[in-house]
Amino acid sequence: MGEHDELENRYMPQFEALLSQSGVIVGYRRDRAGIDTGLHLFARGEKTTKGGDERPYWRALASRVWFQLKGVHAATLSANAFNKAEHVAVAVGVEHLKFWFAAPEPVYLVVYVESVDTFIGIDVRELVEQEWQQTFYASVRDRTGDVTVHVPTIAVMDPDRVAALVDHRSMRIDGPAFRGRPLGHRIDPLRSVLARPSAEVWGEMVTRILGVHDFREASRDHVGELTVIRGALAQTLLWQSPAFAEYGYRYSPDEVRDEPAPEQAFGDVYVVLDSAQERRAFDEEEAQAVSGVVRAAVADDVSVLVFFRGLDLSSSGGLWRSAMRASAMDKWHRGWHQLGLEALSYLVLTATLVYVEFAPDLDWDHANYLR
């Protein structure tokens with residue numbers, strides 16, 4: 001056994017003890033992937049006992065993180081030199097680096113610095129993007145052997161850093177894709193519709209959808225069951241409503257089916273949220289608020305988005321169409337869009353992180369599957 005093995009025998013148990021504070025250690029029986037150890041992430045929480053007391057417990061997450069460790073002897077890097085350095089250079093195999101970079105789960109390159117008894121580490125994807133940016137594959141395409149990479153000395157792997165690894169997420173991409181895009185589920189966004197959720201869950205979903213499109217709220221008012229928000233979408237909100245999609249096949253599954261027209265919104269908008277379960281009429285105050293929103297939108301030359309907790313093809317949808325058409329003016333160039341549960345279903349199903357967050361709380365009026 002050489003000095004490198006001796007150093008590894010000392011730091012590996014220490015590092016795995018650090019990891020075990022945030023999950024369960026996992027690993028390969030044989031090292032064939034250039035990975036030393038892994039961590040199945042768990043989240044800490046509290047659970048109510050039968051006696052009504054709260055006790056801590058661990059909740060398994062659907063994510064794992066992998067680690068490749070390198071040790072640097074004190075004779076190679078002194079404590080003084082480490083404290084002055086911005087990074088530590090280490091050699092790794094090119095094939096291993098390409099494998100880690102493309103891995104479906106995060107891989108960290110971790111360096112143990114013996115002189116200061118400290119672990120530093122960085123997500124390999126972040127490391128590669130910092131050193132090569134978009135030229136990585138071109139730079140290593142014809143290379144063999146080792147390549148030198150640099151791990152920042154400020155990237156200390158301490159208990160807080162390890163606990164923060166729960167922000168990593170993994171998803172399956174081996175199922176049917178939607179327009180070449182893995183969704184992490186098999187539900188067809190164009191031909192599936194949510195059952196009516198509770199007002200609370202519906203409101204949270206709409207808020208999250210707006211949030212992932214970088215919606216910047218400027219003002220908010222509540223009138224009856226309506227919420228009127230003025231703000232700006234910094235990223236384009238794009239959707240197609242299953243309400244207007246062709247579901248079946250006339251002759252064979254090989255034929256091309258009709259798809260609904262794409263709709264979109266961007267920039268300054270008014271957003272109206274209608275949380276009513278069944279909207280059959282507006283009270284006087286709500287009707288005045290709707291007319292006021294349209295007048296303000298015309299004056300400001302912006303669009304109006306109406307989200308409501310019912311189907312677009314329902315009495316609620318029909319009421320909103322009638323109300324907006326009656327209030328609309330000829331010189332209103334931006335116009336309005338209404339998004340019932342059909343359009344919201346599409347937006348949730350194509351925003352994978354939103355779907356994963358709300359999936360346990362969702363029921364479906366009907367769901368069709370991609371193939």
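We're numbering straight along the sequence, starting at 1. Bear in mind that the values here come from a model prediction, so they are computed numbers and not experimental data.
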**OP:** Using a 4.5 Å cut-off on heavy atoms from C-beta on, say whether the side chain of Thr37 contacts that of Phe15.
**Re:** yes
Original post:
What do you reckon, is CZ of Arg161 surrounded by more than 12 foreign heavy atoms closer than 6.0 Å?
Top reply: yes
**OP:** Could you tell me whether Arg64 atom CZ has more than 12 heavy atoms of other residues or ligands within 6.0 Å of it?
**Re:** no
Subject >> Interatomic distance, Glu105 atom CD to Leu41 atom CG [nearest 0.5 angstrom] >> reply: 9.5 Å
Subject >> NZ/NE/NH1/NH2 to OD/OE distance under 4.0 Å, Arg230 and Glu217 >> reply: no
Original post:
Under the side chain to side chain contact (heavy atoms under 4.5 Å, CB included) criterion, do Arg186 and Arg371 qualify, and how do the steps go?
Top reply: CA-CA 8 Å; Arg186 301 170 63 89; Arg371 63 182 181 90; over 6 Å; no
**OP:** Give the ring-plane orientation class for Tyr355 versus Trp364, where under 30° counts as parallel, over 60° as perpendicular and anything between as tilted.
**Re:** tilted
Original post:
When you look at CD1 of Ile25, are more than 12 heavy atoms from neighbouring residues, nucleotides or ligands closer to it than 6.0 Å?
Top reply: yes
**OP:** Taking atom CD of Gln235 as the centre, report whether more than 12 heavy atoms of other residues, nucleotides or ligands fall under 6.0 Å from it.
**Re:** yes
**OP:** Please determine, by modelled atom types, if Gln130 and Glu126 share a side-chain donor-acceptor pair under 3.5 angstrom.
**Re:** yes
**OP:** Answer yes or no: is there a side-chain heavy-atom contact under 4.5 Å between Thr118 and Val156?
**Re:** yes
Subject >> Glu342 with Arg191: basic N within carboxylate O range, under 4.0 Å >> reply: no
Original post:
Charged N to carboxylate O below 4.0 Å: is that the case for Arg125 and Glu131?
Top reply: no
Original post:
Just wondering, are more than 12 heavy atoms of other shown residues or ligands nearer than 6.0 Å to CD in Glu255?
Top reply: yes
Original post:
Judged by atom type as modelled, is there a donor-acceptor pair below 3.5 Å linking the side chain of Gln240 to the main-chain atoms of Ala261?
Top reply: no
Original post:
Has the side chain of Thr236 got a donor or acceptor atom that lies under 3.5 Å from a matching backbone atom of Leu238?
Top reply: no
Original post:
Side-chain donor-acceptor pair under 3.5 Å between Gln264 and Trp239, yes or no?
Top reply: no
Subject >> Side-chain donor-acceptor contact under 3.5 Å, Asp300 with Tyr270 >> reply: yes
Donor-acceptor pairs under 3.5 angstrom involving side-chain atoms of residues 309-324: please list them, not counting sequence neighbours.
unit_1	atom_1	unit_2	atom_2	d
Arg309	NE	Ser275	O	2.9
Arg309	NH1	Pro197	O	2.7
Arg309	NH2	Ser275	O	3.1
Asp312	OD1	Arg321	NH1	3.2
Asp312	OD1	Gln338	NE2	2.4
Ser314	OG	Leu311	O	2.5
Ser314	OG	Ser316	N	3.3
Ser314	OG	Gly317	N	3.4
Ser316	OG	Arg279	N	3.0
Trp320	NE1	Asp274	OD2	2.9
Arg321	NH1	Asp312	O	3.3
Arg321	NH2	Asp312	O	3.1
Ser322	OG	Gly318	O	3.1

Original post:
How far apart are the C-alpha atoms of Leu194 and Asp365, what are their side-chain angles, what is the distance that settles it, and do they pass the side chain to side chain contact (heavy atoms under 4.5 Å, CB included) test?
Top reply: CA-CA 5 Å; Leu194 287 162; Asp365 178 82; over 6 Å; no
**OP:** Using modelled atom types only, decide if a donor and an acceptor are shared between the side chain of Thr352 and the backbone of Gly184 within a distance under 3.5 Å.
**Re:** no
**OP:** Using atom types as modelled and distance alone, determine if a side-chain donor or acceptor of Arg196 lies under 3.5 Å from a backbone N or O of Gln277.
**Re:** yes
**OP:** Give the cluster check for Tyr247 versus Leu370: same hydrophobic cluster or not, with ILVMFWY residues linked at side-chain heavy-atom distances below 4.5 Å.
**Re:** yes
Original post:
Is the side chain of Thr135 donor-acceptor paired with the backbone N or O of Ala138 at a distance under 3.5 Å, no angle test?
Top reply: no
Original post:
Can you check whether Asp36 reaches Tyr28 side chain to side chain, under 4.5 Å on heavy atoms?
Top reply: no
Original post:
Is there a donor-acceptor contact under 3.5 Å from the side chain of Ser63 to the main chain of His168?
Top reply: yes
Subject >> Interatomic distance, Leu19 atom CG to Gln21 atom CD [nearest 0.5 angstrom] >> reply: 9.0 Å
Original post:
Just by distance, do the side chain of Ser192 and the backbone of Asn368 share a donor-acceptor pair under 3.5 Å?
Top reply: yes
**OP:** Before giving the answer on side chain to side chain contact (heavy atoms under 4.5 Å, CB included), spell out for Trp202 and Phe307 the whole-Å C-alpha distance, their side-chain angles and the decisive distance to 0.1 Å.
**Re:** CA-CA 10 Å; Trp202 174 83; Phe307 288 88; 3.9 Å; yes
Original post:
Under the 3.5 angstrom rule, does the side chain of Glu286 hit a backbone N or O of Asp283 as a donor-acceptor pair?
Top reply: yes
Subject >> ILVMFWY network linking Phe215 to Val348, side-chain heavy atoms under 4.5 angstrom >> reply: yes
**OP:** For the residue pair Tyr112 and Ile120, establish whether any side-chain heavy-atom pair is separated by less than 4.5 Å.
**Re:** no
Subject >> Working for side-chain hydrogen bond (donor to acceptor under 3.5 Å, both in side chains), residues Gln68 and Trp100 >> reply: CA-CA 9 Å; Gln68 173 64 21; Trp100 301 334; 5.4 Å; no
Subject >> Side chain to side chain, Pro242 and Tyr346, heavy atoms closer than 4.5 Å >> reply: yes
**OP:** Could you tell me the separation between the OG atom of Ser219 and the CD1 atom of Ile229, rounded to the nearest 0.5 Å?
**Re:** 8.5 Å
Original post:
When you look at CZ of Arg179, are more than 12 heavy atoms from neighbouring residues, nucleotides or ligands closer to it than 6.0 Å?
Top reply: yes
Original post:
Would you say the side-chain atoms of Glu246 pair up with the backbone N or O of Asp258, donor to acceptor, closer than 3.5 Å?
Top reply: yes
Subject >> Connected via hydrophobic side-chain network under 4.5 Å: Ile122 and Phe119 >> reply: no
Original post:
Distance-only, no hydrogens or angles: does the His185 side chain make a donor-acceptor pair with backbone N or O of Ile187 under 3.5 Å?
Top reply: yes
Subject >> Nearest heavy atoms of Val147 and Arg143, plus distance in Å >> reply: CG2-NH1, 3.7 Å
Original post:
Any side-chain heavy atom of Leu210 sitting closer than 4.5 Å to one from Leu233?
Top reply: yes
Subject >> side chain to side chain contact (heavy atoms under 4.5 Å, CB included) evaluation trace for Met205 with Leu344 >> reply: CA-CA 9 Å; Met205 275 196 296; Leu344 181 62; 4.2 Å; yes
Original post:
Taking the six-membered ring where the residue is Trp, are the ring centres of His96 and Phe101 under 6.0 Å apart?
Top reply: no
Original post:
Is the number of heavy atoms from other residues, nucleotides or ligands within 6.0 Å of OH (Tyr369) greater than 12?
Top reply: no
Original post:
Quick one: does Met12's side chain get under 4.5 Å of Leu69's, heavy atoms only?
Top reply: yes
Original post:
Honestly curious: do Leu273 and Phe308 fall in one hydrophobic cluster under the side-chain, below-4.5 Å linking rule?
Top reply: no
Sequence neighbours excluded and cut-off under 3.5 Å, please list the side-chain donor-acceptor pairs for residues 74-95, or say none.
unit_1	atom_1	unit_2	atom_2	d
Ser78	OG	Ala81	N	3.1
Asn83	ND2	Ala79	O	3.1
Glu95	OE2	Lys98	NZ	3.2

**OP:** Please check if Val228 and Ile209 belong to a single hydrophobic cluster, counting links between Ile, Leu, Val, Met, Phe, Trp and Tyr side chain heavy atoms closer than 4.5 Å.
**Re:** no
**OP:** Indicate yes or no: at least one non-hydrogen side-chain atom of Leu347 is less than 4.5 angstrom from one of Val354.
**Re:** no
